[in-house]
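Remarks on the structure that follows.
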Amino acid sequence: MKEIGTRALSGLLYVSLLIASLYWQNALIALFFVFGLICMAEFKKLIQLQSFFPYVVFSVLYFGFAYWKIIADSAKGIDEAAQILLVITIFVQLILIKDLFSEKTIPLFSSKRFIITTFYLSSGFVFLLCIANFNQTFTPLLLLGSFILVWVNDTFAYLIGKNFGKQKLFPRISPKKTVEGFLGGLFFSCIASYFIANFTDTLSFTNWLILSIIISVFGTLGDLIESKFKRQADVKDSGVIMPGHGGLLDRLDSIIFAAPFIFLFLRLVTYVS
């Protein structure tokens, strides 16, 4: 019971900080910057990267986009930069997905360590910021809805997998994940998308439904990829900053990986409409 209480308290603090920051744009920028630095420190240990350089890259990318997209309101230039970053990020993530399905360990030669810290981790936080400020308008409910879909997916994947799971989803990497759990998380995320569409007045139900599928699929892939990194590093959690949960990266790995695909879908919706 004590462990459950500790887990609930640290989780509540994390969710409260996130929701509170959504009321003030500058607070959200600051919170994600701090979250990014913590996740960077945890990820560096997983891949054994002994360099301060990734922190510099993250700061430049993050605050560069924060200033030009949000503060300076320079839509054309920053949108072109976002498109270039999006293409590179998705390309790197596709390589990580390929590495996930390979029976071999993820190659971690020096250049690849810098590439994945930039385009797997740093750009993930950039796109979270872009989602919250989509179309040059601070729309935090878009980001909150995405987080809710991640939380619903993770919660019901765990509950259904624990109680009804029989067929392993990815036993080499995450023995506890099951196909039934994945489908349960996906199903309840689709249900949650209906309520998000009705209560946020941001996107149509159809668009939120598609987003729920994107988030469930790519969020699960992101979680599995981080699990493979942890297996290679021979650690259970990425860190200890959240008692009962592990590291902050353990809580954000799904949304970080899914963020570029969420942003891409939002751009496609805008283009089509």
(request) Give the intermediate values and the outcome of side chain to side chain contact (heavy atoms under 4.5 Å, CB included) for residues Phe257 and Thr220. (result) CA-CA 9 Å; Phe257 195 83; Thr220 300; over 6 Å; no
Calculate, to the nearest 0.5 Å, the distance between atoms [atom1] and [atom2] belonging to [X] and [Y] respectively.
{"X": "Ser254", "Y": "Ile215", "atom1": "OG", "atom2": "CD1", "answer": "10.0 Å"}
{"X": "Asn26", "Y": "Leu31", "atom1": "CG", "atom2": "CG", "answer": "12.5 Å"}
{"X": "Thr105", "Y": "Gln232", "atom1": "OG1", "atom2": "CD", "answer": "4.5 Å"}
{"X": "Lys162", "Y": "Thr178", "atom1": "NZ", "atom2": "OG1", "answer": "12.5 Å"}
{"X": "Ile19", "Y": "Leu12", "atom1": "CD1", "atom2": "CG", "answer": "9.0 Å"}
{"X": "Gln48", "Y": "Leu108", "atom1": "CD", "atom2": "CG", "answer": "8.0 Å"}

Below 4.5 Å, heavy atoms only, C-beta onward: do [X] and [Y] meet side chain to side chain?
{"X": "Phe114", "Y": "Val57", "result": "no"}
{"X": "Ile88", "Y": "Thr118", "result": "no"}
{"X": "Phe147", "Y": "Leu252", "result": "yes"}
{"X": "Cys190", "Y": "Leu186", "result": "yes"}
{"X": "Phe138", "Y": "Trp24", "result": "no"}
{"X": "Ile210", "Y": "Val269", "result": "no"}
{"X": "Phe265", "Y": "Asn207", "result": "yes"}
{"X": "Leu96", "Y": "Lys228", "result": "no"}

Parallel, tilted or perpendicular: ring planes of [X] versus [Y], cut at 30 and 60 degrees:
{"X": "Phe134", "Y": "Phe263", "result": "perpendicular"}
{"X": "Phe261", "Y": "Phe218", "result": "parallel"}
{"X": "Phe229", "Y": "Phe43", "result": "perpendicular"}
{"X": "Phe32", "Y": "Phe35", "result": "tilted"}

I need the minimum non-hydrogen distance between [X] and [Y], along with the two atoms involved.
{"X": "Gly185", "Y": "Asn153", "value": "C-OD1, 3.2 Å"}
{"X": "Gln167", "Y": "Glu180", "value": "N-OE1, 3.2 Å"}
{"X": "Leu100", "Y": "Arg172", "value": "O-NH2, 3.8 Å"}
{"X": "Leu149", "Y": "Ser193", "value": "CD2-N, 4.0 Å"}
{"X": "Ser122", "Y": "Leu61", "value": "CB-CD1, 4.1 Å"}
{"X": "Ile256", "Y": "Leu121", "value": "CD1-CD1, 3.9 Å"}

Flag yes if [X] and [Y] sit in one hydrophobic cluster, no otherwise; membership is Ile, Leu, Val, Met, Phe, Trp, Tyr, and two members link when side-chain heavy atoms are under 4.5 Å apart.
{"X": "Phe91", "Y": "Leu85", "result": "no"}
{"X": "Phe53", "Y": "Val92", "result": "yes"}
{"X": "Ile106", "Y": "Ile95", "result": "no"}
{"X": "Val34", "Y": "Ile241", "result": "yes"}
{"X": "Ile84", "Y": "Val87", "result": "no"}

(request) Answer yes if the side chains of Asp250 and Ser238 hold a donor-acceptor pair under 3.5 Å, and no otherwise. (result) yes
Can you tell me if [atom1] on [X] sees more than 12 non-hydrogen neighbours from other groups inside 6.0 Å?
{"X": "Asn163", "atom1": "CG", "value": "yes"}
{"X": "Phe205", "atom1": "CZ", "value": "yes"}
{"X": "Lys45", "atom1": "NZ", "value": "no"}

Looking at [X] and [Y], would you say the former's side chain and the latter's main chain have a donor-acceptor pair under 3.5 Å?
{"X": "Ser102", "Y": "Lys98", "result": "no"}
{"X": "Lys168", "Y": "Pro175", "result": "yes"}
{"X": "Ser51", "Y": "Leu49", "result": "no"}
{"X": "Ser216", "Y": "Ile213", "result": "no"}

(request) Begin with the C-alpha distance, continue with both residues' side-chain angles, and end with the deciding distance and a verdict on side chain to side chain contact (heavy atoms under 4.5 Å, CB included) for Ile225 and Gln93. (result) CA-CA 10 Å; Ile225 287 169; Gln93 290 190 333; over 6 Å; no
(request) Before accepting this row, confirm whether a basic side-chain N of the pair Asp253/Lys230 lies closer than 4.0 Å to the acidic partner's carboxylate O. (result) no
(request) Could you go through the side chain to side chain contact (heavy atoms under 4.5 Å, CB included) check for Ile255 and Phe125 one step at a time? (result) CA-CA 9 Å; Ile255 191 70; Phe125 281 95; over 6 Å; no
(request) Going by the side-chain contact (heavy atoms from CB on, under 4.5 Å) test, name the single residue among Leu264, Ile262, Leu86 that passes it with Phe127. (result) Leu86
(request) Report the residue from Ile191, Asn198, Ile196 that forms a side-chain contact (heavy atoms from CB on, under 4.5 Å) with Tyr194. (result)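 Of Ile191, Asn198, Ile196, side-chain contact (heavy atoms from CB on, under 4.5 Å) with Tyr194 is met by Asn198 alone.
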(request) Could you walk me through whether Lys112 and Ile47 pass side chain to side chain contact (heavy atoms under 4.5 Å, CB included), step by step? (result) CA-CA 10 Å; Lys112 187 168 183 176; Ile47 63 173; over 6 Å; no
(request) Kindly say whether the aromatic ring centers of Tyr62 and Tyr55 come within a distance under 6.0 Å. (result)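 No, the ring centres sit 6.0 Å or more apart.
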(message) If hydrophobic residues (ILVMFWY) are linked whenever their side-chain heavy atoms come closer than 4.5 Å, directly or via other members, who joins Leu159 in its cluster?
(response) Tyr158
(message) Does anything in residues 172-192 form a ring-ring contact (aromatic ring centres under 6.0 Å, His included)? List the pairs, not counting sequence neighbours.
(response) Phe156-Phe188
